[in-house]
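In what follows, chains carry the letters A, B, and so on, assigned in the order in which the sequence lines appear, proteins first and then strands, with residues in each chain numbered from 1.
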Amino acid sequence: MKTFSIHLKGKPPVQVQAESLSVREALERFEVGGLDRVVAAKVNGEQRDLSAEIAEEEAEIKPVYIQSEEGLHILRHSTSHVMAMAVKELFPGVKVTIGPAIENAFYYDFDYERPFREDDLPAIEEKMKEIVNADLPFSRKEITSQEAIRFFRDQGEDYKVELIQDLGADRVSLYTQGGFTDLCRGPHIPSTGMIPAFHLTHVAGAYWRGDEKRPMLSRIYGTAFADQKSLKKYLYRLEEAKKRNHVKLGPRLELFSTHEEIGAGMIVWHPKGAMLRHILEEFEIREHLHRGYELVKGPEILKTELWKKSGHFENYRENMYFTEIDKQSYGIKPMNCLAHMLIYASKLRSYRDLPKRYFELGTVHRHERSGVLNGLFRVREFTQDDAHIICTPDQLNGEIKGVLNFVQEVMGIFAFPYDLEISTRPEKSIGSDADWELATQALVQAMEDEGLAYEINEGDGAFYGPKIDVKLNDALGRKWQCATIQCDFTLPEKFDLTYIGKDGDRHRPVMVHRVILGAIERFIGILIEHYAGAFPTWLAPVQAVVLTVTDRNITHAREVYQALLDADIRVEADFRNEKLGFKIREAQLSKVPYMLIIGDRECDNNGVTPRQRNGQNLSLMNAGGFIDLIRQEIQQRR
RNA sequence: GCCAGCGUAGCUCAGACGGCAGAGCAACUGAUUUGUAAUCAGUGGGUCGGGGGUUCGAUUCCCUUCGCUGGCUCCA
């Protein structure tokens, strides 16, 4: 007989005398509500199955409810096991590999004689429903790795055998529901009947362990929720997000197009899209000049020799395009730094000149693999708002903080949610360990000084230095890298950049590569989805459209149109012989912020009636009044 | 690059065992002069992504190529 002392937050502790005590039994002592919605529990901070025995005499216990984040994770993981079981029953000979829960979803990778197709999913879902209805309990068993390897080898589950071997543990845990046993750390929901709502969403190919040299597996994605309503809501949200997809919206709003005959990953900007770019670029130039940057411009193609000198040829060649001119090899630039290096090196620099901040809206070409191209998000030609800051080592911290502030201010204008990550040295890289350490520390220190939260991304740095990445969250919950701040101790050395210090000697400056919006293309893609195409007035390629009611109104309408043009408002005219409702509909679909209605009433009063994009009318006012109003809005970047 | 799916009029989509390719919207022409999300009528519009093959005959079947979409370790 043992004595267990169990604690649960907010309740008086309970002493239990028993031979053994399961997590579920412990929870029952506290009469916690909704035990049927509890999927697992945390015992002394560690996730456990409800059926697990409590080994500790003193235990702090906390139920994990199905609708909580952790609960959903466990639910989805368990649902992936149910899916694997269903697939094994339906497709004999299939081999199972791994099947984790991921954000909002789960997947399981299979190796089968043919890849799974979307039309296999309904049958799998049906079989899963049977398994759920059968309410099979999940049971956990720990055995030695040897036994587990034998167990899976006998079933021909080679992938599982490999996993266990790589784990290198003495013992592993297995989970069984019905006739299906899987290697798994757990925990799991008590039984399959506890799955309230699930749906299989799509299939995809995936390399075994993400390695393209290893077999291509067939992945099935699905999701599960604590109730049917949440699942429906999630699927609806996905549908809504699809409607914002910039690949569809962009061409419909006449922003850009792509062409098979031009090539993959190349964007053609139409008048409205080119205007949007221009607005952003103008905004950027102003903001940069304001912060002590200088505008520069380098050529598109530079001799291959120079790319060899910089290390790009060695490290980045497979992403570069090359061409030949007069038997000389040239590389089309994938980055803008080289010309900036030469600008710096073009004359002797004093410490008094530093920092130098060179800014270029630089168009670069990168040979991205065909399969990763994606609308405006991933293209082969794009323009970066690129700058290189060359400074003394003791200016570095301040410069990085300056860029972090710049990023914060700009993201604030667009009201974007974002996360910060620090990426460290990758396998393929140049430079000494000491320099990497120094550079990484400089980034960490600046983040700490600014009190910013960040994650560490091991091995994800650029080949020449560590970096801070700013990842925006888009409408579909995907993350996109935009701003990035990269330290570089190697380029100044390769180009022998120097400055004369106070002491009269030559010193080596350090360099920061950084972008704020990142690629203009990608940023516009994110903006389209963020605003669902309805850009705020300051960004809208067309800010107002003048609509006449009848031909009688054209003379006055033309005066209004001209007044707006004169005031630098981006205005269009729709004087067609159509009904007002028809013109409003078209303007509405093109998401213009303002429609200026001009009928007899407006002509008689020498004014306009603005109709806002949200359907609200403002009262009749004269053209000057409207110009004041919209100018104020533009100035406030609304 | 690899796996899967997709590609029919400017757009959204039908279609057929392998037997002359369809609708709505848009465009164009005309009528209409219109007050807050589609006025009416008529007309034109397609190498069914490109190339090759099988066939009497291919948009449909096969191969190939281009393009697009979803994915390609958020570690049992």
Original post:
With a 6.0 Å cut-off on ring centres, are Phe106(A) and His77(A) close enough?
Top reply: no
Original post:
Base of C17(B) relative to its sugar, syn (within 90° of 0) or anti?
Top reply: syn
Original post:
Reckon Glu118(A) touches a base, only the sugar-phosphate, or nothing at all at heavy-atom distances under 4.0 Å?
Top reply: nothing
Original post:
If only side-chain N and O atoms of Lys248(A) are considered, is one of them under 4.0 Å from the OP1 or OP2 phosphate oxygen of C11(B)?
Top reply: no
Subject >> Closest to side chain of Pro115(A), choosing from G67(B), G1(B), C3(B) >> reply: C3(B)
**OP:** Using atom NZ of Lys579(A) as one end and atom P of C40(B) as the other, report the distance to the nearest whole Å.
**Re:** 9 Å
Original post:
Please give, in whole Å, the distance from U73(B) P to Asp109(A) CG?
Top reply: 9 Å
**OP:** Round to a whole Å and report the spacing from NZ of Lys243(A) to P of U69(B).
**Re:** 20 Å
**OP:** Please state whether the phosphate of G1(B), meaning OP1 or OP2, lies under 4.0 angstrom from any side-chain nitrogen or oxygen of Ser370(A).
**Re:** yes
**OP:** Starting from C1' on U69(B), measure out to CZ on Arg378(A) and report it in whole angstrom.
**Re:** 16 Å
Original post:
Looking for any heavy atom pair under 4.0 Å, which part of the strands does Ala206(A) touch: base, sugar-phosphate only, or nothing?
Top reply: sugar-phosphate
Under 3.5 Å, N/O pairs linking protein and nucleotides 25-33 of chain B:
residue: U32(B); atom: N3; partner: Asn577(A); partner atom: ND2; Å: 2.8
residue: U32(B); atom: O4; partner: Asn577(A); partner atom: ND2; Å: 2.1
residue: U33(B); atom: O2; partner: Asp551(A); partner atom: N; Å: 3.1
residue: U33(B); atom: N3; partner: Asp551(A); partner atom: OD2; Å: 2.7
residue: U33(B); atom: O4; partner: Asp551(A); partner atom: OD2; Å: 3.1
residue: U33(B); atom: O4; partner: Asn577(A); partner atom: ND2; Å: 3.2

**OP:** Sort out the partner of A27(B) for me: Watson-Crick or G-U wobble, both distances under 3.5 Å, none otherwise.
**Re:** U43(B)
Original post:
So what does Arg219(A) hit on the nucleic acid, given a heavy-atom distance under 4.0 Å: a base, only sugar-phosphate, or nothing?
Top reply: sugar-phosphate
**OP:** Can you tell me the distance, in whole Å, between the CE atom of Met216(A) and the C1' atom of A4(B)?
**Re:** 9 Å
Subject >> Separation of the P atoms in A21(B) and G53(B), to the nearest angstrom >> reply: 22 Å
**OP:** Check whether the side chain of Glu602(A) and the base of G35(B) form a donor-acceptor pair under 3.5 Å.
**Re:** yes
Original post:
OP1 or OP2 of C68(B) less than 4.0 angstrom from a side-chain nitrogen or oxygen of Asn374(A), does that happen here?
Top reply: no
**OP:** Hunt down the Watson-Crick or G-U wobble partner of G1(B), both distances under 3.5 Å, from any strand shown, or write none.
**Re:** C72(B)
Subject >> Closest to the Asn617(A) side chain, choosing from C72(B), A4(B), U36(B) >> reply: U36(B)
**OP:** Could you check which nucleotide pairs with G35(B) in any of the strands shown, counting Watson-Crick or G-U wobble with both distances under 3.5 Å?
**Re:** none
Original post:
So Asp600(A) and Asn553(A), side chain to side chain donor-acceptor pair (under 3.5 Å) or not? Walk me through it.
Top reply: CA-CA 6 Å; Asp600(A) 292 341; Asn553(A) 312 128; 2.9 Å; yes
**OP:** Give the nucleotide from the list A37(B), C72(B), G7(B) with an atom nearest to the side chain of Glu260(A).
**Re:** G7(B)
**OP:** Indicate the ring-plane relationship of Tyr112(A) and Phe116(A), choosing parallel, tilted or perpendicular according to the 30° and 60° boundaries.
**Re:** parallel
Original post:
Do Glu381(A) and His365(A) have a side chain donor and acceptor closer than 3.5 Å?
Top reply: yes
**OP:** Look at the side chain of Tyr207(A) against the base of G1(B) and say whether a donor-acceptor pair falls under 3.5 Å; ignore hydrogens and angles.
**Re:** yes
Original post:
P atom, U29(B) versus G44(B): distance in rounded Å?
Top reply: 15 Å
Subject >> Residue Asp600(A), side-chain atoms from C-beta onward, closest of G1(B), G35(B), G5(B) >> reply: G35(B)
Original post:
Base, sugar-phosphate, or nothing for Pro100(A), non-hydrogen atoms under 4.0 angstrom?
Top reply: nothing
**OP:** For nucleotides G46(B) and A9(B), find the distance between their C1' atoms and express it as a whole number of Å.
**Re:** 6 Å
Original post:
Under 4.5 Å between any side-chain heavy atoms of Ile332(A) and Phe322(A), yes or no?
Top reply: no
Original post:
Can you check whether Phe377(A)'s main-chain N or O pairs, donor with acceptor, with Arg522(A)'s side chain at less than 3.5 Å?
Top reply: yes
Subject >> d(CZ, Phe110(A); C1', C72(B)) in whole Å >> reply: 16 Å
Original post:
Does any non-hydrogen side-chain atom of Asp469(A) lie less than 4.5 Å from one of Tyr418(A)?
Top reply: no
**OP:** Take the protein atom OH of Tyr108(A) and the nucleotide atom P of C3(B), then report the distance between them rounded to whole Å.
**Re:** 24 Å
**OP:** Determine whether the side chains of Thr79(A) and His81(A) contain a donor N or O and an acceptor N or O closer than 3.5 Å.
**Re:** no
Original post:
How close or far is atom P of C74(B) from atom NE2 of His73(A), stated in whole angstroms?
Top reply: 12 Å
**OP:** Report yes if a side-chain nitrogen or oxygen of Arg209(A) is closer than 4.0 Å to either non-bridging phosphate oxygen (OP1 or OP2) of C75(B); otherwise report no.
**Re:** no
**OP:** Tell me the partner of G7(B), counting only Watson-Crick (N1-N3 plus N6-O4 or O6-N4) or G-U wobble (N1-O2 and O6-N3) with both under 3.5 Å; none if nothing fits.
**Re:** C66(B)
Original post:
Judged by modelled atom types alone, do Asn104(A) and Tyr234(A) share a side-chain donor-acceptor pair under 3.5 Å?
Top reply: no
**OP:** For A4(B), take OP1 and OP2 only and decide whether either is under 4.0 Å from a side-chain N or O of Tyr112(A).
**Re:** no
